[in-house]
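Below: the structure, in structure tokens.
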2 protein chains.
Amino acid sequence: MEHYSSQLNGIFQALADPTRRAVLRQLGRGPASIGELAQPFEMALPSFMKHIHLLEDNGLIRTRKHGRVRTCTLEKARLAAVDDWLSEQRALWEARTDRLEQFVIADLDKDKDMDGNKETSK
Amino acid sequence: MEHYSSQLNGIFQALADPTRRAVLRQLGRGPASIGELAQPFEMALPSFMKHIHLLEDNGLIRTRKHGRVRTCTLEKARLAAVDDWLSEQRALWEARTDRLEQFVIADLDKDKDMDGNKETSK
DNA sequence: CGATTGCTTAGCCATTGCGCTAACTATTCA
DNA sequence: TGAATAGTTAGCGCAATGGCTAAGCAATCG
């Protein structure tokens with residue numbers, strides 16, 4: 001349940017960069033070599049490689065080398081961790097919304113009694 | 001469409017830290033003051049405040065000060081951006097899986113032509 | 001009133017992140 | 001074999017991150 005926590009650090013970190021998200025997006029369309037992936041970006045290849053490594057280190061992609069060409073593929077399952085986190089988070093505040101509704105009802109009852117001004121905005 | 005991109009940088013960045021995720025988790029159970037939120041952590045308050053500011057700057061929480069107490073609340077809608085990104089990504093590789101299946105079928109056809117070492121005849 | 005509480009500001013410091021160039025290795029091509 | 005191709009390694013520089021202490025301030029308490 002909470003074991004994913006440490007993985008989430010790296011996964012979210014990896015997703016926090018537009019270059020890396022673009023790579024994932026491209027790989028969504030199918031496997032590609034380093035050169036193909038790098039081509040749309042203006043940065044130097046070694047810089048780009050760091051992004052690839054980070055994605056691989058965090059399990060978001062897998063790579064394999066054939067001859068002098070390294071081919072990257074998306075590791076789809078990895079994003080499930082993000083999905084799980086989101087679900088868990090949502091479950092929390094949905095449960096809480098239920099409780100909140102109870103308070104709202106209570107507040108409405110109060111309003112009946114007091115009737116008047118509440119707080120001055122600002 | 002892609003306008004969310006810049007926001008995603010910050011949002012994913014904010015989520016890439018366990019302290020901040022824990023804060024969101026706690027706020028999922030309802031609003032809380034800075035002090036209440038900070039209590040489970042061993043770090044100094046100013047350090048903790050940086051996390052709060054980062055969460056607020058990226059729109060994941062909202063805060064309001066009453067007297068000397070600042071109360072934080074979850075900004076649930078903000079996580080929708082993450083959800084949207086995930087959906088878009090998934091849509092991409094699901095569409096691609098369809099195309100992949102076509103290739104697989106094509107490959108099976110090829111096998112028929114080339115060698116009969118498969119289950120060509122059941 | 002003065003003391004305490006609950007942040008807040010201001011800085012310092014070590015580490016990490018993300019870009020670069022230069023030079024190197026390992027295929028593959030002519 | 002020699003030249004081009006596709007990555008790779010090494011190291012540099014600067015900005016951002018995430019922690020700290022010390023000191024400040026406004027609200028509340030005794």
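Within every chain, numbering begins at 1; the chains are lettered A, B, ... in the order of the sequence lines, protein sequences first and strands thereafter.
- The main-chain N or O of A:L60 is never found under 3.5 Å from a side-chain atom of A:N58 such that the two would form a donor-acceptor pair.
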Take A:N9 and B:R21, measure what side-chain hydrogen bond (donor to acceptor under 3.5 Å, both in side chains) needs, and give me the verdict at the end. CA-CA 9 Å; A:N9 292 353; B:R21 285 199 307 277; 2.7 Å; yes
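- Inter-residue side-chain proximity for A:R25 and B:E88 is flagged as met; some heavy-atom pair is nearer than 4.5 Å.
- Rounded to the nearest 0.5 angstrom, A:L54 CG and A:T19 OG1 are separated by 11.5 Å.
- A straight line from NE2 of B:H53 to C1' of D:dT17 spans 16 Å, rounded to a whole angstrom.
- Contact check of residues 60-72 of chain A against DNA chain C (heavy atom, cut-off under 4.0 Å) returns A:G67, A:R68.
- Annotation for A:F41 and A:A22: closest pair CZ-CB, 3.6 Å, computed over non-hydrogen atoms.
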Nucleotide by nucleotide, nucleotides 18-25 of chain D touches protein heavy atoms under 4.0 Å in the pattern (B base, S sugar-phosphate only, - none) BBBBB---
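- Residues B:W85 and A:L15 have side chains in contact (heavy-atom distance under 4.5 Å, counting atoms from C-beta outward).
- Separating the OG atom in A:S33 from the CZ atom in A:R68 is a distance of 11.5 Å, to the nearest 0.5 Å.
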Please assess A:V23 against A:H51 for the test side-chain contact (heavy atoms from CB on, under 4.5 Å), listing each intermediate value before the final yes or no. CA-CA 9 Å; A:V23 167; A:H51 291 296; 5.8 Å; no
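- Note that the first and last nucleotides of DNA chain C, 5' to 3', having any atom under 4.0 angstrom from a heavy atom of chain A are C:dC18 to C:dT28.
- Residue A:R78 qualifies as enclosed at atom CZ: its count of foreign heavy atoms under 6.0 Å is above 12.
- Defined by atom type and a distance below 3.5 Å, a donor-acceptor pair is present between the side-chain atoms of A:T63 and A:R70.
- Remark: C1' of D:dT9 and CD1 of A:I52 are 17 Å apart, rounded to the nearest angstrom.
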